[in-house]
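Here the structure is laid out as structure tokens; the discussion comes afterwards.
Since this is a predicted model, take the numbers as computed values, not measurements.
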Amino acid sequence: MTSQAQELLRAALALPVNDRADVAAELLASLDEPADTDRQAVEDAWAHEIERRARRVLAGESAGEPWGDVRARLMPNT
């Protein structure tokens, strides 16, 4: 952790509990906001994976499973 980050942490820890909770919530929320490049990279990766799986099915390398069988395995009590 940089000295600047350590200084900010010390200052934040000195705040009243409600203010610390607000700061923590804002920091956590900032981590959930993906950058545009990250979103594009994820979309590209999914497109590649879908294409790979489709090629396997078309080549007869993967037959897949019926949805009912998968659902029964994942949710046995429904």
Side-chain angles (χ1 to χ4, degrees):
M1 185 182 307
T2 66
S3 60
Q4 181 183 19
Q6 289 174 344
E7 184 179 329
L8 285 169
L9 178 59
R10 277 192 294 276
L13 291 173
L15 294 170
V17 68
N18 288 339
D19 290 341
R20 288 195 321 262
D22 290 342
V23 168
E26 290 296 326
L27 287 170
L28 287 172
S30 76
L31 297 176
D32 290 337
E33 299 171 2
D36 289 340
T37 55
D38 291 345
R39 186 178 323 132
Q40 187 60 50
V42 169
E43 289 177 9
D44 291 347
W46 271 114
H48 176 74
E49 181 63 16
I50 291 166
E51 186 174 320
R52 184 188 71 80
R53 291 181 186 195
R55 284 190 175 141
R56 288 192 65 211
V57 169
L58 293 173
E61 298 170 4
S62 175
E65 289 183 59
W67 168 240
D69 295 349
V70 173
R71 183 175 180 172
R73 186 175 69 243
L74 295 176
M75 303 176 352
N77 297 324
T78 58

- Task: Please write out which residues are connected to Leu8 in a hydrophobic cluster, directly or through intermediates, given that two of Ile, Leu, Val, Met, Phe, Trp, Tyr count as joined at side-chain heavy-atom separations below 4.5 angstrom.
- Result: none
With a 3.5 Å cut-off and sequence neighbours excluded, list the donor-acceptor pairs that the side chains of residues 55-63 form with protein atoms.
residue: Arg55; atom: NH1; partner: Glu51; partner atom: OE2; Å: 3.1
residue: Arg55; atom: NH2; partner: Glu51; partner atom: OE2; Å: 2.7
residue: Arg56; atom: NH2; partner: Glu61; partner atom: O; Å: 3.4

- Pairs involving residues 16-30, ordered by first then second residue, that meet salt bridge (Lys or Arg N to Asp or Glu O under 4.0 Å) (sequence neighbours left out): none
- Query: Mind checking whether Leu27 and Met1 sit in one hydrophobic cluster, side chains of I, L, V, M, F, W, Y counted as touching below 4.5 Å?
  - Reply: no
- Are there more than 12 heavy atoms of other residues, nucleotides or ligands under 6.0 Å from atom CD of Gln6? yes
- Quick one: hydrophobic cluster around Val17, which other residues, with the 4.5 Å side-chain cut-off, linked directly or via members? none
With a cut-off of 3.5 Å and sequence neighbours excluded, list every side-chain donor-acceptor pair involving residues 43-50.
residue: Asp44; atom: OD1; partner: Gln40; partner atom: NE2; Å: 2.8
residue: Glu49; atom: OE1; partner: Arg52; partner atom: NE; Å: 3.1
residue: Glu49; atom: OE2; partner: Arg52; partner atom: NH2; Å: 2.6
residue: Glu49; atom: OE2; partner: Arg53; partner atom: NE; Å: 2.7
residue: Glu49; atom: OE2; partner: Arg53; partner atom: NH2; Å: 3.4

- Task: Not counting sequence neighbours, list each pair that qualifies as a salt bridge (Lys or Arg N to Asp or Glu O under 4.0 Å) and has a residue in residues 63-78.
- Result: Glu65-Arg73
